[in-house]
Amino acid sequence: MERPLIRDIRCYWRSLRCFWGTSLAAELEYPLNAAIEFVSVLGNLAGSLFVLQLLFAGGPSLGGWSWSGALVVLGLYTLLDGFTTCVLQPNLSRIVSHVQTGTLDYVLLKPIDSQFWLSARTVSPWGLPAIAAGLGLIGWALAQGGPEAAAGLRSPGAVLLPLALLLAALVILYSLWFVLAALSIWFVKVWNATEVLRYTLVAGRYPVSAYPPALRLLFTFVLPVAFLTTVPAEALLGRGSALWAIGSLLVAALCLAGSRLLWRFAQRSYTSASS
Amino acid sequence: MSWAWRVARALLGSQYALMLEYRAEIALWALSGVLPLIMLGVWSGSGAGAAAGLSPQQLSHYFLAAFVVRQFTVVWLIHVFEEDALQGRLSPFLLQPLAPLWRYLAAHLSEQATRVPFVLLMLGVVGLAAPGVLWWPSPGELVLGLLAILAAFLLRFLLQILVTTLCFWSERAAALDRLLLIPYLFLSGLVAPLDTFPPAVRRLALATPFPWMVDFPARLLAGEPVNVALGFGAIAAWCLLLWPIAHVLWRAGLRRYSAMGA
């Protein structure tokens with residue numbers, strides 16, 4: 001019997017509130033983590049700014065991007081990194097241990113969508129400093145770049161485009177993480193497969209046009225880093241093109257559908273830990 | 001002596017077999033070390049290298065060497081140890097007539113041996129993508145470079161032991177490793193050659209242990225002029241400084257350890 005959609009949404013919303021409430025309470029047991037996270041965000045930001053400054057020592061632009069444009073890209077990267085720490089990392093890195101110890105059985109038996117449970121079971125507040133720092137950096141860079149730098153934000157309608165592209169970036173990032181974590185169904189001990197993503201996505205710290213052509217192709221079509229930071233940054237700076245915007249939304253839809261399909265397929269291959 | 005040899009062989013052999021069992025994971029770990037290659041991409045696209053007096057060839061040699069150095073100096077002790085201490089798996093290790101840290105050291109060395117084919121494969125791909133970028137260091141440079149990599153690995157391992165001992169006091173000591181990773185990332189020369197740093201920052205970096213972990217071995221392998229004696233001397237001095245601290249902390253921690261789950 002098909003249940004009405006509204007009831008489904010309400011049920012999932014209630015579960016989500018319950019999940020996040022309990023995990024927040026658990027995380028706040030470790031107040032020292034807040035301090036560590038804060039220092040870590042500041043340190044990483046200072047280091048990234050330092051390296052960016054070194055890269056700009058050779059000329060006034062990096063791959064055709066001005067200093068404030070590159071700062072917007074870095075801000076978006078920091079923002080996405082915070083999102084990763086908040087939602088993706090605490091949830092998806094756990095799939096691996098569920099597979100290894102066999103507790104995935106219990107997850108699959110729950111009367112709730114297993115992908116939803118695995119992706120939204122916990123939330124960690126320790127990504128919030130990075131999100132705040134990212135937003136701050138973007139705002140500062142846009143203000144510093146003068147009136148033409150924030151051309152993407154002149155009319156309320158134009159604000160929607162960067163927001164939509166940022167949402168697409170979040171969806172792409174989520175799908176990449178989920179797919180990699182789901183691979184553990186086959187490889188079992190991809191203990192930190194998700195860490196690999198974290199280290200390769202560092203490429204998103206710099207505008208994609210700063211790379212040699214071969215890497216540019218790789219970061220657009222194979223590992224869609226370009227859609228994570230460069231495309232939303234272009235929209236924010238008022239340089240967004242329709243082609244890239246449509247491409248970005250399309251890639252996001254494809255990635256999400258892909259992660260869904262892969263999860264369905266993975267469940268069929270899952271044989272539990274003890275069997 | 002023969003006892004030590006037998007133990008070392010048994011440990012390394014069993015750990016190597018264990019690592020081979022999970023080849024997919026090692027391949028992913030090897031892949032996660034691509035940062036120097038990404039940075040090579042950015043640096044070769046910007047004029048900053050030339051502004052610091054580095055030719056494109058010097059840049060590519062440096063970052064490829066840094067890539068190799070990074071691959072063979074990865075230390076993940078704290079993450080494994082934290083789990084072992086939390087779940088009480090450390091207790092049986094403590095009963096054995098062998099300090100548990102030797103077991104972890106053997107695991108690291110075996111993991112490096114498992115990495116070799118993957119690293120060669122990745123270098124091969126780089127060589128195919130950009131022909132002429134690979135080079136072969138002279139035998140002297142190669143031997144010194146490999147020795148420097150080993151020394152750098154030991155220094156990093158020792159530094160992480162310091163943080164790892166905090167696992168005895170805190171349940172989430174691994175989070176502290178993230179703090180240690182920041183100066184390592186930005187001051188070691190992993191993301192930018194030390195030659196491009198402003199002089200003051202460069203002096204500051206050289207006063208920390210971090211440049212000796214990447215910059216020194218990488219420059220040796222890349223055939224850059226480098227003061228070999230000073231490099232090895234600095235690593236030895238840092239090891240001598242860290243060793244007693246690690247020893248004291250480890251003893252104090254063991255006294256505190258109460259075998260969680262027991």
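Sequence lines set the chain letters: A, B, ... in the order given, protein chains first and strands last, and positions in each chain run from 1.
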Top of B:Val201, B:Leu185, B:Ile26, B:Val191 for chain A proximity - count of heavy-atom pairs under 4.5 angstrom: B:Val201
By salt bridge (charged side-chain N to carboxylate O under 4.0 Å, His left out) - contacts of B:Arg202 (at least two apart): B:Asp195
Relative to chain B, which of [options] shows the most heavy atom pairs under 4.5 Å?
{"options": "A:Gly63, A:Gly47, A:Ala46, A:Ala203", "result": "A:Gly47"}
{"options": "A:Leu55, A:Thr200, A:Asn44, A:Val51", "result": "A:Leu55"}
{"options": "A:Ser61, A:Ser48, A:Ala57, A:Pro207", "result": "A:Ser48"}

Working for side chain to side chain contact (heavy atoms under 4.5 Å, CB included), residues B:Ser91 and B:Tyr257: CA-CA 9 Å; B:Ser91 312; B:Tyr257 178 65; 3.1 Å; yes
Checking heavy atoms, do the side chain of [X], its backbone, both or neither come under 4.5 Å from chain B?
{"X": "A:Gln53", "answer": "neither"}
{"X": "A:Ser209", "answer": "neither"}
{"X": "A:Leu62", "answer": "side chain"}
{"X": "A:Val202", "answer": "side chain"}

Rounded to the nearest 0.5 Å, what's the gap from [atom1] on [X] to [atom2] on [Y]? Could you check?
{"X": "B:Ser188", "Y": "B:Arg156", "atom1": "OG", "atom2": "CZ", "value": "8.5 Å"}
{"X": "A:Ile36", "Y": "B:Leu176", "atom1": "CD1", "atom2": "CG", "value": "4.0 Å"}
{"X": "B:Ser60", "Y": "B:Leu54", "atom1": "OG", "atom2": "CG", "value": "10.5 Å"}
{"X": "A:Trp177", "Y": "A:Leu88", "atom1": "CH2", "atom2": "CG", "value": "6.0 Å"}

Those residues of residues 30-45 of chain B, ordered by number, that approach chain A below 4.5 Å (heavy atom to heavy atom): B:Leu31, B:Ser32, B:Val34, B:Leu35, B:Ile38, B:Met39, B:Gly41, B:Val42, B:Trp43, B:Ser44, B:Gly45
A:Arg239 to A:Trp65, cation-pi by 6.0 Å centre distance and 45° axis angle: yes
Aromatic contact, A:Phe50 with B:Phe197 (centres under 6.0 Å): yes
Would you check if the side chain of [X] reaches a backbone N or O of [Y] as a donor-acceptor pair within less than 3.5 Å?
{"X": "B:Gln15", "Y": "B:Ser110", "answer": "no"}
{"X": "A:Thr229", "Y": "A:Gly204", "answer": "yes"}
{"X": "A:Asn91", "Y": "A:Thr122", "answer": "yes"}
{"X": "B:Thr114", "Y": "B:Met19", "answer": "no"}

Worked verdict on B:Phe157 versus B:Phe153 for ring-ring contact (aromatic ring centres under 6.0 Å, His included): CA-CA 6 Å; B:Phe157 193 76; B:Phe153 162 71; 5.8 Å; yes
Does any backbone or side-chain atom of [X] lie under 4.5 Å from a heavy atom of chain A? Answer side chain, backbone, both or neither.
{"X": "B:Leu181", "value": "side chain"}
{"X": "B:Ala192", "value": "side chain"}
{"X": "B:Ala51", "value": "side chain"}

Side chain to side chain contact (heavy atoms under 4.5 Å, CB included) against A:Ala70, all qualifying residues, sequence neighbours excluded: A:Leu52, A:Phe56
Residues B:Val119, B:Phe72; criterion side chain to side chain contact (heavy atoms under 4.5 Å, CB included); working and verdict: CA-CA 9 Å; B:Val119 174; B:Phe72 294 104; 3.9 Å; yes
Proximity of residues 210-222 of chain A to chain B, residues having a non-hydrogen atom under 4.5 angstrom: A:Ala210, A:Tyr211, A:Pro212, A:Leu215, A:Phe219
